[in-house]
Amino acid sequence: MSETKKTTIVLFSGEYDKAMAAYIIANGAAAYDHEVTIFHTFWGLNALRKEELVSVKKGLLEKLFGKMMPRGADKMGISKMNFAGFGPKMIKHVIQKHNAMTLPQLIDLAQEQDIKLVACTMTMDLLGLQQEELIEDIEYAGVAAYLADAQDGNVNLFI
Amino acid sequence: MIQTDMVVDAKGLACPMPIVKTRKAMKELASGNVMEVQATDKGSTADLKAWATSAGHQYLGTTEQDGTLTHYVRKSNSDEIQDKTYPYVVSNEELETLLTNRAEIVLLDVREEAEYAFGHIPGAKSVPLGDLDADLSMDKDSLIYVICRSGSRSDLAAQKLTNAGFVNVINVVPGMSGWNGVLEKSM
(Lines give C-alpha, C1' and ligand atoms only; values in the text may rest on other atoms or scores of the structure.)
Protein backbone atom coordinates (compact mmCIF):
# COMPACT_ATOMS: atom_id res chain seq x y z
CA MET A 1 0.00 0.00 0.00
CA SER A 2 1.09 3.56 -0.59
CA GLU A 3 1.63 6.10 2.19
CA THR A 4 -1.06 6.81 4.74
CA LYS A 5 -3.92 8.99 3.60
CA LYS A 6 -5.36 11.73 5.75
CA THR A 7 -8.88 12.81 6.57
CA THR A 8 -9.54 16.03 8.41
CA ILE A 9 -12.92 17.20 9.61
CA VAL A 10 -13.83 20.55 11.12
CA LEU A 11 -16.73 20.09 13.49
CA PHE A 12 -18.23 23.54 13.87
CA SER A 13 -21.83 22.54 14.63
CA GLY A 14 -23.14 21.67 18.04
CA GLU A 15 -26.06 19.51 17.03
CA TYR A 16 -26.30 15.82 17.80
CA ASP A 17 -27.10 14.74 14.24
CA LYS A 18 -24.37 16.79 12.62
CA ALA A 19 -21.79 15.63 15.14
CA MET A 20 -22.97 12.07 14.55
CA ALA A 21 -22.39 12.40 10.80
CA ALA A 22 -18.93 13.80 11.44
CA TYR A 23 -18.02 10.96 13.79
CA ILE A 24 -19.41 8.24 11.51
CA ILE A 25 -17.31 9.53 8.62
CA ALA A 26 -14.29 9.84 10.90
CA ASN A 27 -14.62 6.26 12.16
CA GLY A 28 -15.14 5.00 8.63
CA ALA A 29 -12.03 6.83 7.46
CA ALA A 30 -10.05 5.30 10.32
CA ALA A 31 -11.17 1.88 9.13
CA TYR A 32 -9.73 2.88 5.76
CA ASP A 33 -6.45 3.29 7.62
CA HIS A 34 -6.54 7.04 7.17
CA GLU A 35 -4.93 9.27 9.73
CA VAL A 36 -7.98 11.14 10.99
CA THR A 37 -8.23 14.50 12.74
CA ILE A 38 -11.43 16.13 13.99
CA PHE A 39 -10.91 19.77 14.75
CA HIS A 40 -13.62 20.99 17.14
CA THR A 41 -14.39 24.66 17.04
CA PHE A 42 -17.27 26.84 18.28
CA TRP A 43 -20.38 24.75 19.05
CA GLY A 44 -18.58 21.57 18.05
CA LEU A 45 -16.55 21.90 21.25
CA ASN A 46 -19.60 20.85 23.23
CA ALA A 47 -19.20 17.31 21.90
CA LEU A 48 -16.01 17.14 23.95
CA ARG A 49 -17.47 18.43 27.21
CA LYS A 50 -17.60 16.17 30.21
CA GLU A 51 -21.13 15.38 31.34
CA GLU A 52 -20.50 16.19 34.97
CA LEU A 53 -20.22 19.73 36.23
CA VAL A 54 -16.60 20.69 36.71
CA SER A 55 -16.01 23.61 39.02
CA VAL A 56 -13.55 26.04 37.53
CA LYS A 57 -13.04 29.73 38.11
CA LYS A 58 -14.95 31.75 35.54
CA GLY A 59 -16.32 35.20 34.90
CA LEU A 60 -20.07 35.84 34.74
CA LEU A 61 -20.34 35.71 30.96
CA GLU A 62 -18.38 32.47 30.71
CA LYS A 63 -20.55 30.93 33.41
CA LEU A 64 -23.65 31.90 31.45
CA PHE A 65 -22.24 30.43 28.26
CA GLY A 66 -21.39 27.26 30.09
CA LYS A 67 -24.93 26.97 31.41
CA MET A 68 -26.62 27.66 28.09
CA MET A 69 -24.58 25.21 26.05
CA PRO A 70 -25.11 21.44 26.17
CA ARG A 71 -22.81 19.70 28.62
CA GLY A 72 -21.47 16.78 26.59
CA ALA A 73 -22.39 14.95 23.41
CA ASP A 74 -25.44 13.27 24.86
CA LYS A 75 -27.12 16.56 25.76
CA MET A 76 -26.94 18.10 22.29
CA GLY A 77 -30.11 19.00 20.43
CA ILE A 78 -30.79 18.06 16.82
CA SER A 79 -30.70 20.43 13.85
CA LYS A 80 -34.21 19.70 12.59
CA MET A 81 -37.33 18.83 14.58
CA ASN A 82 -35.73 19.42 17.95
CA PHE A 83 -39.14 20.13 19.55
CA ALA A 84 -37.63 21.50 22.74
CA GLY A 85 -35.73 18.35 23.53
CA PHE A 86 -38.28 15.80 22.43
CA GLY A 87 -36.55 15.37 19.03
CA PRO A 88 -33.29 14.04 20.51
CA LYS A 89 -35.28 11.50 22.54
CA MET A 90 -36.92 10.27 19.36
CA ILE A 91 -33.67 10.05 17.48
CA LYS A 92 -31.99 8.12 20.30
CA HIS A 93 -34.92 5.74 20.25
CA VAL A 94 -34.52 5.04 16.52
CA ILE A 95 -30.75 4.74 16.89
CA GLN A 96 -31.35 1.99 19.43
CA LYS A 97 -34.00 0.37 17.27
CA HIS A 98 -31.65 0.16 14.29
CA ASN A 99 -28.68 -0.89 16.36
CA ALA A 100 -26.71 2.16 15.24
CA MET A 101 -24.24 3.76 17.59
CA THR A 102 -25.03 6.74 19.77
CA LEU A 103 -22.85 9.81 19.62
CA PRO A 104 -21.03 9.09 22.92
CA GLN A 105 -20.30 5.55 21.66
CA LEU A 106 -18.99 6.94 18.39
CA ILE A 107 -16.69 9.28 20.28
CA ASP A 108 -15.39 6.38 22.38
CA LEU A 109 -14.80 4.36 19.21
CA ALA A 110 -12.99 7.30 17.64
CA GLN A 111 -10.59 7.44 20.58
CA GLU A 112 -10.16 3.68 20.43
CA GLN A 113 -9.24 3.98 16.74
CA ASP A 114 -6.65 6.64 17.54
CA ILE A 115 -8.52 9.44 15.83
CA LYS A 116 -6.96 12.74 16.79
CA LEU A 117 -9.56 14.87 18.56
CA VAL A 118 -8.49 18.48 18.67
CA ALA A 119 -10.10 21.34 20.56
CA CYS A 120 -9.63 24.82 19.12
CA THR A 121 -8.13 26.86 21.94
CA MET A 122 -9.18 30.23 20.56
CA THR A 123 -12.89 29.34 20.56
CA MET A 124 -12.50 27.65 23.95
CA ASP A 125 -11.51 31.08 25.24
CA LEU A 126 -14.44 32.76 23.51
CA LEU A 127 -16.96 30.31 24.91
CA GLY A 128 -15.26 30.23 28.29
CA LEU A 129 -14.51 26.51 28.21
CA GLN A 130 -11.48 25.24 30.11
CA GLN A 131 -9.40 22.13 29.64
CA GLU A 132 -10.72 20.63 32.89
CA GLU A 133 -14.23 20.66 31.44
CA LEU A 134 -13.32 18.65 28.36
CA ILE A 135 -12.80 14.89 28.10
CA GLU A 136 -9.35 13.30 28.49
CA ASP A 137 -6.88 12.35 25.78
CA ILE A 138 -7.61 15.16 23.36
CA GLU A 139 -5.26 17.70 21.88
CA TYR A 140 -5.33 21.48 22.03
CA ALA A 141 -4.35 23.52 19.01
CA GLY A 142 -5.12 26.43 16.73
CA VAL A 143 -5.72 26.96 13.05
CA ALA A 144 -2.10 26.44 12.03
CA ALA A 145 -2.00 22.95 13.51
CA TYR A 146 -5.25 22.15 11.76
CA LEU A 147 -3.95 23.41 8.42
CA ALA A 148 -0.78 21.39 8.81
CA ASP A 149 -2.96 18.28 8.85
CA ALA A 150 -5.43 19.53 6.26
CA GLN A 151 -3.01 20.74 3.61
CA ASP A 152 -1.92 17.23 2.78
CA GLY A 153 -5.29 15.73 3.54
CA ASN A 154 -7.19 13.66 1.01
CA VAL A 155 -10.59 14.33 2.54
CA ASN A 156 -11.47 17.67 4.14
CA LEU A 157 -14.90 18.32 5.55
CA PHE A 158 -16.56 21.19 7.35
CA ILE A 159 -19.59 20.13 9.31
CA MET B 1 -20.63 -23.95 2.86
CA ILE B 2 -17.47 -22.26 1.71
CA GLN B 3 -14.46 -22.93 3.92
CA THR B 4 -12.83 -19.77 5.29
CA ASP B 5 -10.02 -19.04 7.72
CA MET B 6 -11.85 -16.49 9.85
CA VAL B 7 -15.44 -15.44 10.48
CA VAL B 8 -16.41 -11.92 11.50
CA ASP B 9 -19.90 -11.55 12.91
CA ALA B 10 -21.23 -8.07 12.21
CA LYS B 11 -24.87 -9.07 12.11
CA GLY B 12 -27.25 -6.43 13.47
CA LEU B 13 -24.58 -3.75 13.42
CA ALA B 14 -25.08 -0.50 11.56
CA CYS B 15 -22.64 1.56 9.52
CA PRO B 16 -19.72 2.09 10.16
CA MET B 17 -19.32 -0.94 12.45
CA PRO B 18 -19.10 -3.74 9.84
CA ILE B 19 -16.08 -2.03 8.27
CA VAL B 20 -14.53 -1.11 11.61
CA LYS B 21 -14.81 -4.73 12.78
CA THR B 22 -13.53 -6.14 9.50
CA ARG B 23 -10.50 -3.92 9.53
CA LYS B 24 -9.70 -4.92 13.11
CA ALA B 25 -10.02 -8.63 12.34
CA MET B 26 -8.04 -8.31 9.11
CA LYS B 27 -4.96 -7.42 11.14
CA GLU B 28 -5.09 -10.87 12.75
CA LEU B 29 -5.57 -12.75 9.48
CA ALA B 30 -2.55 -14.27 7.76
CA SER B 31 -1.98 -12.85 4.29
CA GLY B 32 -3.42 -14.93 1.50
CA ASN B 33 -6.14 -16.29 3.79
CA VAL B 34 -9.85 -15.73 3.34
CA MET B 35 -12.22 -14.05 5.77
CA GLU B 36 -15.98 -14.10 5.75
CA VAL B 37 -17.92 -11.16 7.10
CA GLN B 38 -21.52 -11.71 8.07
CA ALA B 39 -23.64 -8.57 8.11
CA THR B 40 -27.23 -7.45 7.91
CA ASP B 41 -26.50 -3.83 6.96
CA LYS B 42 -27.61 -3.50 3.33
CA GLY B 43 -24.91 -0.98 2.54
CA SER B 44 -22.18 -3.34 3.68
CA THR B 45 -21.72 -4.93 0.25
CA ALA B 46 -20.75 -1.66 -1.44
CA ASP B 47 -18.79 -0.59 1.65
CA LEU B 48 -16.79 -3.77 1.92
CA LYS B 49 -16.03 -3.90 -1.78
CA ALA B 50 -14.76 -0.31 -1.79
CA TRP B 51 -12.83 -0.79 1.44
CA ALA B 52 -11.15 -4.00 0.31
CA THR B 53 -10.13 -2.48 -3.02
CA SER B 54 -8.69 0.59 -1.35
CA ALA B 55 -6.81 -1.45 1.24
CA GLY B 56 -5.40 -3.72 -1.47
CA HIS B 57 -7.33 -6.82 -0.44
CA GLN B 58 -9.20 -9.03 -2.83
CA TYR B 59 -12.99 -8.84 -2.64
CA LEU B 60 -14.30 -12.20 -3.77
CA GLY B 61 -18.05 -11.87 -3.59
CA THR B 62 -21.16 -11.86 -1.45
CA THR B 63 -23.94 -14.34 -0.85
CA GLU B 64 -27.29 -13.61 0.75
CA GLN B 65 -29.42 -15.92 2.80
CA ASP B 66 -32.37 -15.04 5.03
CA GLY B 67 -31.39 -11.39 5.08
CA THR B 68 -27.81 -12.11 6.16
CA LEU B 69 -25.11 -11.03 3.75
CA THR B 70 -21.90 -13.00 3.76
CA HIS B 71 -18.95 -11.23 2.20
CA TYR B 72 -15.73 -12.98 1.28
CA VAL B 73 -12.43 -11.12 1.28
CA ARG B 74 -8.92 -12.48 0.79
CA LYS B 75 -6.12 -10.64 2.51
CA SER B 76 -3.56 -9.18 0.15
CA ASN B 77 -0.50 -11.29 -0.26
CA SER B 78 2.76 -9.54 -0.93
CA ASP B 79 4.42 -12.91 -1.68
CA GLU B 80 2.56 -13.03 -4.95
CA ILE B 81 4.78 -10.43 -6.52
CA GLN B 82 7.75 -12.79 -6.28
CA ASP B 83 9.43 -14.13 -9.41
CA LYS B 84 7.97 -17.19 -10.98
CA THR B 85 10.58 -19.90 -11.39
CA TYR B 86 8.74 -22.91 -12.83
CA PRO B 87 9.85 -23.14 -16.48
CA TYR B 88 6.88 -24.81 -18.18
CA VAL B 89 4.13 -22.30 -18.77
CA VAL B 90 1.24 -21.64 -21.14
CA SER B 91 -0.84 -18.53 -21.64
CA ASN B 92 -4.53 -18.22 -20.83
CA GLU B 93 -5.32 -18.28 -24.56
CA GLU B 94 -3.43 -21.52 -25.09
CA LEU B 95 -5.35 -23.11 -22.24
CA GLU B 96 -8.61 -21.87 -23.69
CA THR B 97 -7.80 -23.49 -27.03
CA LEU B 98 -6.99 -26.76 -25.28
CA LEU B 99 -10.30 -26.67 -23.45
CA THR B 100 -12.28 -25.89 -26.60
CA ASN B 101 -10.61 -28.84 -28.32
CA ARG B 102 -11.55 -31.01 -25.35
CA ALA B 103 -7.97 -32.12 -24.78
CA GLU B 104 -7.35 -34.81 -22.16
CA ILE B 105 -6.06 -32.61 -19.34
CA VAL B 106 -6.49 -32.18 -15.62
CA LEU B 107 -7.03 -28.53 -14.68
CA LEU B 108 -6.13 -27.83 -11.05
CA ASP B 109 -7.32 -24.56 -9.52
CA VAL B 110 -5.06 -23.97 -6.49
CA ARG B 111 -6.78 -20.80 -5.23
CA GLU B 112 -8.70 -20.74 -1.94
CA GLU B 113 -12.09 -22.40 -1.89
CA ALA B 114 -13.95 -19.08 -1.73
CA GLU B 115 -12.09 -17.69 -4.73
CA TYR B 116 -12.98 -20.84 -6.67
CA ALA B 117 -16.62 -20.67 -5.61
CA PHE B 118 -17.13 -17.15 -6.98
CA GLY B 119 -15.79 -17.99 -10.44
CA HIS B 120 -13.76 -20.78 -11.97
CA ILE B 121 -13.22 -22.41 -15.34
CA PRO B 122 -15.81 -25.15 -15.95
CA GLY B 123 -14.21 -28.52 -15.30
CA ALA B 124 -11.45 -27.15 -13.09
CA LYS B 125 -10.79 -29.09 -9.89
CA SER B 126 -10.43 -27.08 -6.67
CA VAL B 127 -7.36 -27.97 -4.62
CA PRO B 128 -6.20 -24.96 -2.53
CA LEU B 129 -2.41 -24.70 -2.41
CA GLY B 130 -2.43 -25.48 1.31
CA ASP B 131 -4.27 -28.78 0.72
CA LEU B 132 -2.15 -29.90 -2.20
CA ASP B 133 -0.04 -32.34 -0.18
CA ALA B 134 -3.10 -34.17 0.99
CA ASP B 135 -4.53 -34.48 -2.49
CA LEU B 136 -2.06 -36.11 -4.86
CA SER B 137 -4.31 -38.90 -6.00
CA MET B 138 -4.02 -38.21 -9.73
CA ASP B 139 -2.16 -40.42 -12.16
CA LYS B 140 1.54 -39.49 -12.21
CA ASP B 141 1.56 -39.30 -16.03
CA SER B 142 -1.57 -37.19 -16.46
CA LEU B 143 -1.24 -33.87 -18.18
CA ILE B 144 -1.78 -31.35 -15.39
CA TYR B 145 -2.40 -27.65 -15.87
CA VAL B 146 -2.20 -25.59 -12.70
CA ILE B 147 -3.98 -22.25 -12.40
CA CYS B 148 -4.40 -19.59 -9.71
CA ARG B 149 -5.12 -15.85 -9.78
CA SER B 150 -1.79 -14.38 -10.87
CA GLY B 151 0.40 -17.39 -11.65
CA SER B 152 2.42 -17.31 -8.40
CA ARG B 153 0.62 -19.86 -6.27
CA SER B 154 0.32 -22.13 -9.31
CA ASP B 155 4.06 -21.72 -9.82
CA LEU B 156 4.64 -23.08 -6.30
CA ALA B 157 2.07 -25.80 -6.85
CA ALA B 158 3.71 -26.87 -10.11
CA GLN B 159 7.07 -27.18 -8.34
CA LYS B 160 5.46 -29.17 -5.54
CA LEU B 161 3.82 -31.55 -8.00
CA THR B 162 7.03 -32.05 -9.96
CA ASN B 163 8.86 -32.84 -6.73
CA ALA B 164 6.14 -35.35 -5.88
CA GLY B 165 6.85 -37.23 -9.11
CA PHE B 166 4.36 -35.80 -11.57
CA VAL B 167 6.00 -35.52 -14.96
CA ASN B 168 3.66 -33.41 -17.07
CA VAL B 169 2.90 -30.27 -15.09
CA ILE B 170 2.30 -26.90 -16.71
CA ASN B 171 1.63 -23.51 -15.10
CA VAL B 172 -1.03 -21.23 -16.60
CA VAL B 173 0.13 -17.60 -16.67
CA PRO B 174 -1.24 -15.15 -15.65
CA GLY B 175 -4.26 -17.20 -14.62
CA MET B 176 -7.73 -16.19 -13.46
CA SER B 177 -6.90 -12.48 -13.12
CA GLY B 178 -6.64 -12.33 -16.91
CA TRP B 179 -9.27 -14.90 -17.77
CA ASN B 180 -11.87 -13.75 -20.30
CA GLY B 181 -13.38 -17.13 -21.05
CA VAL B 182 -16.37 -18.90 -19.56
CA LEU B 183 -16.77 -18.82 -15.77
CA GLU B 184 -18.78 -21.05 -13.52
CA LYS B 185 -19.88 -20.43 -9.94
CA SER B 186 -20.42 -23.04 -7.28
CA MET B 187 -22.41 -22.00 -4.25
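From a predicted model like this one, the values you see are computed outputs, not experimental measurements. Chain letters run A, B, ... following the sequence lines, proteins first and then strands; every chain starts at 1.
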Trainee: Please check if the number of heavy atoms outside B:Asn180 that lie under 6.0 Å from its CG is greater than 12.
Mentor: no

Trainee: Heavy-atom count check: over 12 atoms from other residues, nucleotides or ligands less than 6.0 Å from B:Gln3 CD?
Mentor: no

Trainee: If you compare all heavy atoms of B:Ala14 against all heavy atoms of A:Ala100, which two are closest, and at what distance to 0.1 Å?
Mentor: CB-CA, 3.6 Å

Trainee: Counting N and O atoms only, with roles assigned by atom type, does the side chain of A:Tyr32 sit under 3.5 Å from a partner on the main chain of B:Ala55, one being a donor and the other an acceptor?
Mentor: no

Trainee: I'd like to know if B:Leu107 and B:Val169 are part of one continuous hydrophobic network [Ile/Leu/Val/Met/Phe/Trp/Tyr, side-chain heavy atoms within less than 4.5 Å].
Mentor: yes

Trainee: More than 12 heavy atoms of other residues, nucleotides or ligands under 6.0 Å from CD of B:Gln65: is that the case?
Mentor: no

Trainee: Mind listing the closest non-hydrogen atom pair of A:Asn27 and B:Val20 along with its distance?
Mentor: O-CG2, 4.0 Å

Trainee: Where on B:Lys24 is there a heavy atom nearer than 4.5 Å to chain A: the side chain, the backbone, both, or neither?
Mentor: side chain

Trainee: Under 4.5 Å between any side-chain heavy atoms of B:Met17 and A:Gln105, yes or no?
Mentor: no

Trainee: Taking side chain as everything from C-beta outward and backbone as N, CA, C, O, which of these in A:Leu109 sits under 4.5 Å from a heavy atom of chain B? Side chain, backbone, both or neither.
Mentor: side chain

Trainee: Flag yes if A:Leu147 and A:Leu117 sit in one hydrophobic cluster, no otherwise; membership is Ile, Leu, Val, Met, Phe, Trp, Tyr, and two members link when side-chain heavy atoms are under 4.5 Å apart.
Mentor: yes

